[in-house]
Undergrad: 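Would you mind keeping the following structure in view while I ask a few things?
For clarity, every value in this text was computed on a predicted model and none was experimentally measured. Computed over heavy atoms, backbone and side chain alike; hydrogens, waters and symmetry mates excluded. Order of the sequence lines fixes the chain letters, A, B, ..., with proteins taken first and strands second; residue numbering starts at 1 for each chain.
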Protein chains: 2
Amino acid sequence: MLEKTDLSKTIINDEYKKSEKIFKARLGELQRKAWELKIPIILVFEGWHVSGMAEDINRFILSLDPRGYNFHTMCIPCYEDSLKPFIVRFWSEIPARGKIAIFDRSWYSTAIIECLGKEKSEKRMEKCLEEINYFERQLADDGYLILKFFLHISEKEHKERFKDLKKNDTLFILDENENKGRQDLDFVHNYNEYLPFVEKLLEKTDMRYAPWKIVEANDRGFATLKIMMTATHAIETYIEQVTRIPAEQTIKYLNIETRDIPELNGSILEKVDISKKMPADEYRKSKKLYQQKLEALQYELFKKKRSMIVVFEGWDAAGKGGDIYRLVENLNPRIYGVLPVGSPNDVEKAHHYFWRFCEAIPKVGHITIFDRSWYGRVLVERVEGFCSEEEWKRAYREINEFEEILTKAGAIVLKFWLQIDKDTQLERFNSRQYDPEKKWKITADDWRNRSRWEDYKIAADEMLQKTSTTNAKWIVVESNDKQYSRIKVLKTTVEALEKELKI
Amino acid sequence: MLEKTDLSKTIINDEYKKSEKIFKARLGELQRKAWELKIPIILVFEGWHVSGMAEDINRFILSLDPRGYNFHTMCIPCYEDSLKPFIVRFWSEIPARGKIAIFDRSWYSTAIIECLGKEKSEKRMEKCLEEINYFERQLADDGYLILKFFLHISEKEHKERFKDLKKNDTLFILDENENKGRQDLDFVHNYNEYLPFVEKLLEKTDMRYAPWKIVEANDRGFATLKIMMTATHAIETYIEQVTRIPAEQTIKYLNIETRDIPELNGSILEKVDISKKMPADEYRKSKKLYQQKLEALQYELFKKKRSMIVVFEGWDAAGKGGDIYRLVENLNPRIYGVLPVGSPNDVEKAHHYFWRFCEAIPKVGHITIFDRSWYGRVLVERVEGFCSEEEWKRAYREINEFEEILTKAGAIVLKFWLQIDKDTQLERFNSRQYDPEKKWKITADDWRNRSRWEDYKIAADEMLQKTSTTNAKWIVVESNDKQYSRIKVLKTTVEALEKELKI
């Protein structure tokens, strides 16, 4: 994509000034429209080290209302960041609906740093590209407008600008802090080494939903204008699309194929033998045994630089809290954390549904227990109509991709579905309702969910079937008997760790 | 405080189990009550490396509902963090109202790491202690319950536990990642070097509103119980206090002294000569000159590892946006950022009012421009009654302390008040109202604020008087003439930078 670019393009100063003024006003207007329509926009800037990116970006953001955008620049990567899967740190930086996020270098430069000059660099790069493609497609599917610019200059221009910068001693802005060193960014100095590499990257990630625009940046005015014009055009087109197609249209289309699936498939949950029980003395013995094993295993996990994600889903009052309590009773809080997931707050609602979980994805050596999780998308959000049918249907694949990224980064993923029957739930609800010490545990929501038991069953069944993947299987836990449930969770976790850590 | 501690205290296992159960239930209950009452709680744990802190904390948090607490453990400090004033990173971690934040090591250990074995360590420590005392007092004043535990063991016990840990090879949890090294934490290994140091720290920060509790931790059961009992007692007492004293009582007391102040002081704003003007050609020339100077100065700031904070306050339509535009027009977005400050969202409202600004405090080498700021506390919040009289009165001192921390950390703080008269505002409002391209700029809020001009004037006058400090002076900018205003801001900024950077 780069080599055929005509870098001789220029613009006369007067014409530039006139056009800049027009596009500035237009961009400001479009920003306000996108804000009203709650369209989130992601603008990525990549390019040569001396392509004038910072100046171009500044011209661009001067058109915008500062309340409506966030600017992200690459800085010295935090050591903590490197302990999480590559793409997860960028998930945290996506804009809220209606806002614009501007990335001055992005996951692309980061991917290059992660791979270039390292062992197995090709394989690493493939993994990064896969994560990037998932990430961008999932965001685009969720209504994010993504536009990527590559600021391109010729080798001759590159050489000359470097010379100038060195003369003026202003080379070090990207390098942030000289004594900390940024040798990992040295590649941008070497034009010919970098070029074929970038070519490949651009080709593999130039998607309809997240296209690359090569910006001829030998002439700075031309570059600025091209960026403004391209962005203006893209936002205009997108707004037109969004306002034309009513949301219902897509849903209707998908409605047809779904109706009969549950009946054809039968139910996984109905086949579960929830009558399983464990006597008290066996429970006490097993609990002690597995908790001790787990205590030792957490340090093994830490030493072997693996991580673990444990997801708990299940019926209200199925015993998630109690199971989690026994699981972490002997663990070290410096290693594990519990994330209880309730209804999203306003800020969380304004983002893609993965966003609020990314902070809690454990770093290497750590464990996060999710008390409810991203599966809310295909459970409560589906049943209560908090998302569209198209959205929850798409979510199975999205979740599988998300968990694939986690497991490929070395995470052990365990997913427990706690299964009880309707009578047991009623019993527990009643005992909570009438016990002053437990009354706070039960709310109107619980009763409402109960009244939709059948709908939740259909949703849970489909979830179990569609998201049990090779590396992240669902484990259905028979939980009518609390003691049986607790031990099964403990035992399964211990065995999974032993297997994965080869103990 | 440590040397006189009786470390021989123990508890029998049976008694421990009985008491633990009681206190666990009690703590759970208190957590729910504090949640309802929106009391934010901060629990700090410090102590010897092998005092059993992690286990004690785990016992403690098992009593709590995970939805109601956050656990913060010390980990390898991010390089980015070290570029901001010491206490600012902890401001970001304070809990929301109703929540509990548990610190497994805290600003205390961080202060020790920042100072011990370094040049001018006494002076450094004094600065840290000052920041800590401001921080804790400001939080306590805002209704935060702060409780600090120091887990103390004898030298003999210390030696033995270290031996055991080395044998079991589980020493490295705090060290996180061996090859990255944590030599800075080595001090905790050396009992006798550390002891007098900690003694001093404890003495200087044992405040009525944020007391230290020494926990005798030779016996682990005893330590766990003491922590639980102390916390229970403290939360109970606090809840009792909060529910007893109605908020109005304090306000009434303060009401008396305030009424006549504005009249006695006269008005700073009335003396401002807002008729100042600048002709168009002088404006163009000056703008070019100062913008060029500023462009070069930003890199000097970067190289000299200083930072700059520019605060803009003033009447609606006084031209803040336009002044900021000209200020950043030639700057590098990798160096500067603009934070527009509007009404706080729900998450922000649930924290101390400083909280939402801490993320944007610039790191060394950077510039943040605040378009409105923490001064909202003594302006809009005061006038509209969004905070109590006691709160905004206290805020003058709090703000001065906050800015003192910033300037002592090397930040250049400039505060511009943009002054226009009431007629000019009306003119600008009308021109916005009737111009389709500017109409979005004006809202009902603007008209409402205008109707309270006199109240805002009193508030602004008092603010200018009480928060003009040696290192962070207010600059009143005559802004009836936009061109004059823009150049005064540019020129003042350039001159301040030249003076501070000694150019």
Side-chain angles (χ1 to χ4, degrees), chain A residues 25 28-29 32 53-55 57-58 60-62 65-68 71 73-81 83 102 104 168-170 172-174 176-177 180 296 299 302-303 305 321 324-325 328-340 342 345-347 363-365 369 371 437 440, chain B residues 25 28-29 32 53-55 57-58 60-62 65-68 71 73-81 83 102 104 168-170 172-174 176-177 180 296 299 302-303 305 321 324-325 328-340 342 345-347 363-365 369 371 437 440:
Chain A
E29 213 178 292
R32 289 192 294 280
M53 223 147 88
E55 292 89 337
I57 293 176
N58 203 42
F60 187 81
I61 59 182
L62 283 170
D65 183 333
R67 286 171 298 174
F71 174 73
T73 192
M74 248 179 85
C75 49
I76 299 183
C78 188
Y79 175 65
E80 295 281 300
D81 280 342
L83 300 176
I102 292 155
D104 169 28
N168 300 333
D169 197 22
T170 50
F172 298 107
I173 287 316
L174 186 68
E176 185 71 37
N177 186 301
K180 277 271 162 180
Y299 295 111
F302 186 85
K303 281 182 210 157
K305 298 191 198 300
I324 292 172
Y325 188 101
V328 306
E329 206 169 355
N330 274 16
L331 295 184
N332 190 323
R334 289 173 191 156
I335 289 189
Y336 86 88
V338 178
L339 187 79
N345 65 30
D346 289 349
V347 183
K363 42 189 185 175
V364 156
I369 291 148
D371 184 354
E437 276 190 22
W440 60 274
Chain B
E29 213 177 292
R32 288 192 295 279
M53 224 148 86
E55 293 87 337
I57 293 176
N58 204 42
F60 187 81
I61 59 183
L62 284 169
D65 182 333
R67 286 171 297 175
F71 174 73
T73 193
M74 249 178 85
C75 48
I76 298 181
C78 188
Y79 175 65
E80 294 280 302
D81 281 342
L83 300 176
I102 292 156
D104 170 29
N168 299 333
D169 196 24
T170 50
F172 299 106
I173 288 315
L174 186 69
E176 186 73 33
N177 186 303
K180 277 269 161 182
Y299 295 112
F302 186 84
K303 281 183 209 155
K305 294 188 200 301
I324 292 172
Y325 188 100
V328 305
E329 206 169 356
N330 274 16
L331 295 184
N332 190 322
R334 290 174 190 154
I335 288 189
Y336 86 88
V338 178
L339 187 79
N345 65 29
D346 288 350
V347 183
K363 40 189 188 176
V364 155
I369 291 149
D371 184 355
E437 276 192 21
W440 61 274

Undergrad: Just give me the residue among A:Asn330, A:Ile102, A:Leu331 that pairs up with chain B most often, heavy atom to heavy atom, under 4.5 Å.
TA: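 Between A:Asn330, A:Ile102, A:Leu331, the count favours A:Leu331.
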
Undergrad: Over all heavy atoms of both residues, which pair between A:Arg67 and B:Trp440 is shortest? Give the atoms and the distance, please.
TA: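 Where A:Arg67 meets B:Trp440 most closely, the heavy atoms are NH2-CZ3, 3.7 Å.
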
Undergrad: Chain B heavy atoms under 4.5 Å from A:Ile61: which part of the residue, side chain, backbone, both or neither?
TA: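 Side chain only.
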
Undergrad: Side chain from CB out, backbone as N, CA, C, O: work out which of these in B:Asp371 comes under 4.5 Å of a heavy atom of chain A, or both, or neither.
TA: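 For B:Asp371, there is no contact with chain A at all, as no heavy atom is under 4.5 Å.
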
Undergrad: Measure distances from A:Tyr325 to the heavy atoms of chain B and classify the residue's part below 4.5 Å as side chain, backbone, both or neither.
TA: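 For A:Tyr325, the contact with chain B is made by backbone and side chain together.
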
Undergrad: Which atoms of A:Glu29 come close to chain B, meaning under 4.5 Å heavy atom to heavy atom: side chain ones, backbone ones, both, or neither?
TA: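 No part of it gets close to chain B.
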
Undergrad: Report the residues that fulfil salt bridge (charged side-chain N to carboxylate O under 4.0 Å, His left out) with A:Arg32, sequence neighbours left out, ordered by chain and then residue number.
TA: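 Partners of A:Arg32 under the salt bridge (charged side-chain N to carboxylate O under 4.0 Å, His left out) test: none.
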
Undergrad: Working to the nearest 0.5 Å, report the span between CG of A:Asp346 and CG of B:Asn345.
TA: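 It is 8.0 Å, given to the nearest 0.5 Å.
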
Undergrad: Measuring from atom CG of B:Asn332 to atom CD1 of A:Ile57, what distance do you get when rounded to the nearest 0.5 angstrom?
TA: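 The CG atom of B:Asn332 sits 9.0 Å away from the CD1 atom of A:Ile57.
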
Undergrad: Which region of B:Asn58, side chain (C-beta onward) or backbone (N, CA, C, O), has a non-hydrogen atom less than 4.5 Å from a non-hydrogen atom of chain A, or is it both or neither?
TA: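 It is both, since atoms from each part get that close.
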
Undergrad: Which residue out of B:Pro340, B:Ala54, B:Gly321, B:Pro333 racks up the most heavy-atom pairs below 4.5 Å with chain A?
TA: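 Sorted descending by pairs with chain A, the first entry is B:Pro333.
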
